Each structure stands twice: as C-alpha cells, then as structure tokens.
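To start, the structure itself, in structure tokens.
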2 protein chains.
Amino acid sequence: MASIRERNRSIILKVASEEFAEKGFAATKIIDIANKAKLPKPNVYYYFKSKENLYRSVLESVVEPLLEAAEPFEHYDDPETALRQYIRAKITISQNHPDASKVFASEIMHGAPHLPQDIVDQLNNQAQECIARLEQWIERGLMEPVNPRHLLFTIWASTQTYADFDWQITSVTGKDKLDQQDYDDAAELITRLVLAGCLPRR
Amino acid sequence: MASIRERNRSIILKVASEEFAEKGFAATKIIDIANKAKLPKPNVYYYFKSKENLYRSVLESVVEPLLEAAEPFEHYDDPETALRQYIRAKITISQNHPDASKVFASEIMHGAPHLPQDIVDQLNNQAQECIARLEQWIERGLMEPVNPRHLLFTIWASTQTYADFDWQITSVTGKDKLDQQDYDDAAELITRLVLAGCLPRR
DNA sequence: TGATTACCTGATCTGCGGGTCAAAAATTGC
DNA sequence: GCAATTTTTGACCCGCAGATCAGGTAATCA
C-alpha cells in the first residue's frame with residue numbers, strides 16, 4: 001500500500017478542498033476537516049504545517065488541470081477546432097473538479113491573496129499566449145475581428161459558472177445535481193454562441 | 001440634513017459592502033468596518049444588531065438593481081431588443097455596483113447560507129419568467145431553438161465576471177481599472193455572440 | 001430649562017479556533 | 001527483537017474578534 005504519509009495527505013487534501021469550496025478559507029475550521037477525515041486535529045497540522053499551507057496545497061492542485069485545458073490552442077491551428085475543444089475541456093473541469101474550481105474562483109474573487117506568484121505568472125503567460133493565437137487567427141482572416149480578451153473572459157465565465165455557481169444552476173433547473181446531458185447541453189450552447197459570433201460568415 | 005441615524009447607517013452599509021466584497025463574510029472584521037467608517041465599534045452594533053444582520057442588509061441592497069435588470073424581458077416583445085438591453089443592463093450593474101455584485105456572488109457560490117428565502121424566491125420567479133419568455137419566442141420562431149436556461153447562465157456569468165473577477169480581468173488586460181470603453185467592448189462582444197447564436201439566420 | 005430620547009464610547013467579557021506539546025503508540029529498518 | 005523513526009493523541013495555550021454594558025454626551029421637544 002501507499003505510504004501512510006501519502007495516503008493521509010491525500011485524504012486530508014480531498015476533504016479540505018470540499019470544505020474550503022463549501023465555506024471559503026476563513027470560515028473553514030481545521031477541526032471540521034480533521035473530523036471529516038477521521039483524524040485528530042493535530043494530525044492535520046502534522047502533515048500540513050498550517051491552515052494557510054493546507055489551503056495553498058489545495059490551490060496548487062487545481063492549477064494543473066487548468067493549464068492543460070488550454071492545450072487545444074497549441075495543438076490546433078484552426079479556431080473552430082481549438083475553441084470547440086477548449087470549451088469542452090473547461091466544462092469538463094467544472095464537471096470533474098467542482099471543488100477545486102470553486103476554491104480557485106473564491107480566491108480570485110478576493111484578489112488572490114494566497115495565490116503564489118509563480119502560479120499567477122504561469123496563468124497569465126498562458127492567457128497571453130491564447131490571446132496572441134486568437135489575434136493571429138483574426139489577422140489571417142480565420143476569425144472575425146472580435147476582441148480576443150473579452151472572448152476569453154466570456155468563455156472562462158460561462159464554463160466555470162457550472163462549478164462556481166452550481167447552487168444557482170440547480171436552483172433554477174430544479175435538479176439536485178446536473179447530469180452528463182446538462183453538461184453536454186451547456187458545452188453545446190456555449191460553443192454555438194462562440195462559433196456563431198467568431199467564425200467568418202460563410 | 002438627513003437624520004443622524006440614516007446618515008450613519010448608509011455610511012456603514014457602504015463601507016461594509018466594500019469590506020465584505022473584498023474579504024468575504026467570515027474574514028471581514030467589524031472593527032475594520034468601524035474604523036473605515038470613522039466610528040467606534042459599538043456604534044456599528046448600535047445600528048445593526050449583529051454582523052450577520054449587517055451582512056444581510058448589504059445583501060438586500062443588491063437585490064433591487066438585480067431585479068430591475070430583467071425589465072427588458074417584460075417591456076419588449078422582441079428577442080433582439082430585449083437581449084441587447086438585458087446584457088447592457090447586467091454589464092452596467094457590474095460597472096456601477098461591483099461590491100454588491102461580489103458580495104452576492106460570494107454568497108451564491110457558498111450555497112447562499114445567509115440569503116433570506118423571500119429573496120431567493122423572488123429571484124427564482126424572475127428567472128422562470130425570463131425562461132418562459134425565451135421559450136415563447138422560440139416557439140414563435142423569433143429565436144433559434146437554443147436551451148433558454150443555459151443561455152441565461154451564460155449571460156449571467158459573462159456579464160457578472162466583470163465585477164466578480166475584476167482581479168483576473170485587470171491582471172490579463174494589464175490595466176489598473178477598466179474604463180467605459182472596456183465595458184462597452186464587453187457588452188458588444190457578449191451581445192454579438194448571443195445574437196449570432198440565437199437569432200434566426202437571415 | 002428641564003426631561004426625554006437618541007447617540008457615542010472606553011472598557012470588558014466570552015467563546016472559539018489556530019496552533020503547540022509531550023508523551024504514547026505504531027512502524028520501519030537492521 | 002531492538003533501536004530509530006514516524007505517526008497518533010489528549011490536553012493545553014493564546015489571541016482575536018463578536019458582542020455587551022454602563023455611563024457619558026449631545027440632540028429634541030415641551
């Protein structure tokens with residue numbers, strides 16, 4: 001079996017991301033995380049030196065999938081394919097990592113006070129590359145001349161909303177939980193709007 | 001001059017919404033609100049019985065503009081005009097009430113634990129009316145058959161993002177603060193995508 | 001001008017939650 | 001099977017922030 005250390009760390013991380021997602025950093029109590037992980041409180045401090053530290057670890061666990069999602073922009077030299085796949089990837093993150101997504105969103109919303117600078121830089125660089133790519137496609141006439149920054153903001157917002165504001169979503173749809181079909185529908189609508197607004201009229 | 005009571009309450013409310021927006025409910029300290037309002041801490045408790053109470057008052061102050069924004073759906077029996085104006089109105093809220101918007105977003109993100117039920121009902125009813133209206137337009141062939149719920153989610157998300165995630169926006173654009181042009185550009189892009197994706201092809 | 005009410009304020013209480021510690025128990029490596 | 005290391009644990013400490021209070025001062029009105 002995996003080492004005790006590894007095992008416990010990952011249990012704590014999982015539980016912590018649920019708690020931080022639900023309550024936010026300040027409102028989350030270490031004792032609740034400990035209880036939910038079926039460990040005594042000092043164990044949490046044994047594996048993660050402080051609340052701050054644990055929180056940062058949770059934050060860091062989101063970054064990888066987030067960076068991966070932008071790969072379509074590098075892999076495809078074609079706006080339709082790239083945008084389709086990008087939107088799909090972002091929706092999938094909301095579906096598969098809702099807690100991480102929420103923690104990240106909450107962090108950004110309050111000015112990213114705990115987000116390490118190198119992560120900030122990585123994300124910013126990636127955004128700039130996406131923007132450059134979009135500008136290039138526009139210049140080559142593969143896309144209509146839309147503002148690439150605002151296009152990105154819209155895609156980010158409309159895909160993340162399915163994780164971050166799930167309460168609102170389920171409240172309006174009347175469902176307890178979204179199913180695969182809902183995520184597919186969401187991806188389809190967002191893709192439709194983006195492509196209709198961005199691709200050159202045939 | 002307005003009564004002392006009125007004046008102080010409104011100062012506290014303003015400062016409180018700034019603080020709650022910046023830090024979130026749990027991380028906000030009454031003493032900070034008091035200092036920023038240049039009042040001793042007990043005064044805050046004199047006008048608002050508790051932190052909870054003050055926070056709810058802030059929340060309630062957001063609801064009115066939010067409900068107003070949906071008026072275009074009642075006033076215009078034409079999807080293009082209604083959607084144009086709705087998107088414009090939502091962007092204007094992000095521009096003019098960023099703090100209120102953030103507080104509200106944060107509340108929703110964490111499952112609306114402090115939001116009074118009657119407000120929840122009001123907002124839900126309104127959403128259902130918008131959806132009904134969209135469905136009706138689709139039936140009458142004024143709009144393409146898009147999923148009205150997901151359309152709303154996308155509009156909400158992409159307009160609110162300019163208030164809720166302003167840190168990210170300014171970080172990517174490199175600006176300290178968005179100007180009128182930026183909000184206009186945002187409204188234009190979102191409108192473009194929505195209309196291109198929803199209106200029947202001519 | 002005196003009484004009543006509204007408002008202000010320094011000092012204080014209290015509980016809660018982050019963080020620690022020392023010692024026990026379990027695991028590991030030789 | 002024994003020493004070294006890792007992990008577990010209950011008890012404890014401490015500071016902070018929400019909340020209160022009692023006594024003061026200022027406004028209001030007769």
Side-chain angles (χ1 to χ4, degrees), chain A residues 1-60 103 106-107 110-111 113-116, chain B residues 1-61 99 103 106-107 110-111 113-116:
Chain A
M1 71 172 170
S3 79
I4 292 180
R5 184 168 199 85
E6 227 169 306
R7 197 182 121 74
N8 279 344
R9 273 187 65 101
S10 89
I11 291 176
I12 294 171
L13 267 180
K14 183 177 181 320
V15 170
S17 68
E18 290 168 12
E19 288 291 300
F20 284 133
E22 192 183 327
K23 318 245 185 90
F25 174 75
T28 294
K29 294 176 258 185
I30 296 292
I31 187 80
D32 288 345
I33 293 175
N35 288 340
K36 215 167 161 182
K38 302 196 172 171
L39 290 170
K41 181 170 71 155
N43 271 35
V44 176
Y45 283 95
Y46 175 70
Y47 290 110
F48 299 87
K49 293 196 171 168
S50 65
K51 185 181 181 184
E52 187 68 50
N53 220 303
L54 173 54
Y55 180 72
R56 256 205 304 277
S57 301
V58 170
L59 271 184
E60 278 162 16
V103 175
S106 190
E107 174 67 12
H110 298 121
H114 306 278
L115 201 62
Chain B
M1 74 173 167
S3 78
I4 292 179
R5 185 170 197 83
E6 231 168 300
R7 199 182 119 75
N8 278 345
R9 273 185 65 101
S10 88
I11 291 176
I12 294 171
L13 268 178
K14 184 178 179 321
V15 170
S17 68
E18 290 169 12
E19 287 291 299
F20 284 133
E22 192 184 326
K23 319 243 184 93
F25 175 74
T28 295
K29 295 176 255 185
I30 295 292
I31 186 78
D32 288 345
I33 293 175
N35 288 340
K36 215 167 161 183
K38 302 194 173 173
L39 290 169
K41 182 170 67 156
N43 272 33
V44 176
Y45 283 93
Y46 176 69
Y47 290 110
F48 299 87
K49 294 196 169 166
S50 65
K51 185 182 181 182
E52 190 62 54
N53 220 300
L54 172 55
Y55 180 70
R56 257 206 305 276
S57 301
V58 170
L59 271 184
E60 278 163 15
S61 74
D99 295 326
V103 175
S106 190
E107 175 67 13
H110 298 121
H114 306 277
L115 202 63

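All chains are named by letter (A, B, ...) in the order of the sequence lines, taking the proteins before the strands, and each is independently numbered beginning at 1. Please read these numbers as outputs of a predicted model, since none were measured by experiment.
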**Asked** Between atom CD1 in B/I11 and atom P in C/dC7, what is the gap in whole Å?
**Response** 13 Å
**Item:** Rounded interatomic separation in angstrom, taking OH from B/Y46 and C1' from C/dT5
**Value:** 9 Å
**Item:** Integer-rounded Å distance: D/dG15 C1' and B/I31 CD1
**Value:** 15 Å
**Fill in**
Scanning both residues in full, the closest heavy-atom pair of A/D32 with A/E19 reads CB-OE1, 3.8 Å
**Prompt:** Atom CZ of A/F25 and atom P of C/dG17: how far apart are they, to the nearest Å?
**Reply:** 14 Å
**Message:** Given the structure, check if the side chain of A/K49 and the base of C/dG19 hold any donor-acceptor pair shorter than 3.5 Å.
**Reply:** no
**Message:** Between C/dG18 and A/K29, counting only base atoms on the nucleotide and side-chain atoms on the residue, is there a donor-acceptor pair under 3.5 Å?
**Reply:** no
**Asked** Looking only at side-chain N and O atoms, does A/R5 come under 4.0 Å of OP1 or OP2 in D/dT7?
**Response** yes
**Item:** Check: A/K51 side chain, C/dG17 base, donor-acceptor under 3.5 Å
**Value:** no
**Complete:** With the side chain defined as heavy atoms from C-beta on, B/K41 is closest, among D/dG18, D/dT9, C/dC8, to D/dG18
**Prompt:** Which nucleotide in the list D/dT9, D/dT7, C/dG19 gets nearest to the side chain of A/P42?
**Reply:** D/dT9
**Donor-acceptor contact present, side-chain B/R56 to main-chain B/P116, <3.5 Å** = no
**Request:** For A/L39 and for B/Y45, find the nucleotide of DNA chain D with the closest heavy atom, then tell me which residue's nucleotide is more 5'.
**Result:** A/L39
**Asked** Which value, rounded to the nearest 0.5 Å, describes the distance between B/I11 atom CD1 and B/K38 atom NZ?
**Response** 10.0 Å
**Message:** With a 4.0 Å cutoff (strictly under), does any side-chain N or O of B/N8 reach OP1 or OP2 of C/dA6?
**Reply:** no
**Message:** In this structure, how many angstroms lie between the C1' atom of D/dC16 and the CD1 atom of B/I30, rounded?
**Reply:** 14 Å
**Atom-to-atom span, CG of B/N43 to P of D/dG18 - whole angstrom** = 16 Å
**Request:** Scan A/P40 against the nucleic acid and name what it touches under 4.0 Å (heavy atoms): base, sugar-phosphate only, or nothing.
**Result:** sugar-phosphate
**Item:** Spacing between A/I4 atom CD1 and C/dA25 atom C1', to the nearest angstrom
**Value:** 12 Å
**Prompt:** When all nucleic acid strands are considered with a 4.0 Å heavy-atom cut-off, which category describes A/Y47: base, sugar-phosphate, or nothing?
**Reply:** sugar-phosphate
**Item:** Residue A/K14 excluded, over 12 heavy atoms near NZ under 6.0 Å
**Value:** no
**Item:** Nearest-Å distance for atom pair CG/C1', residues B/D32 and D/dG18
**Value:** 13 Å
**Message:** Distance check, rounded to the nearest 0.5 Å: B/F20 atom CZ versus B/L59 atom CG?
**Reply:** 9.0 Å
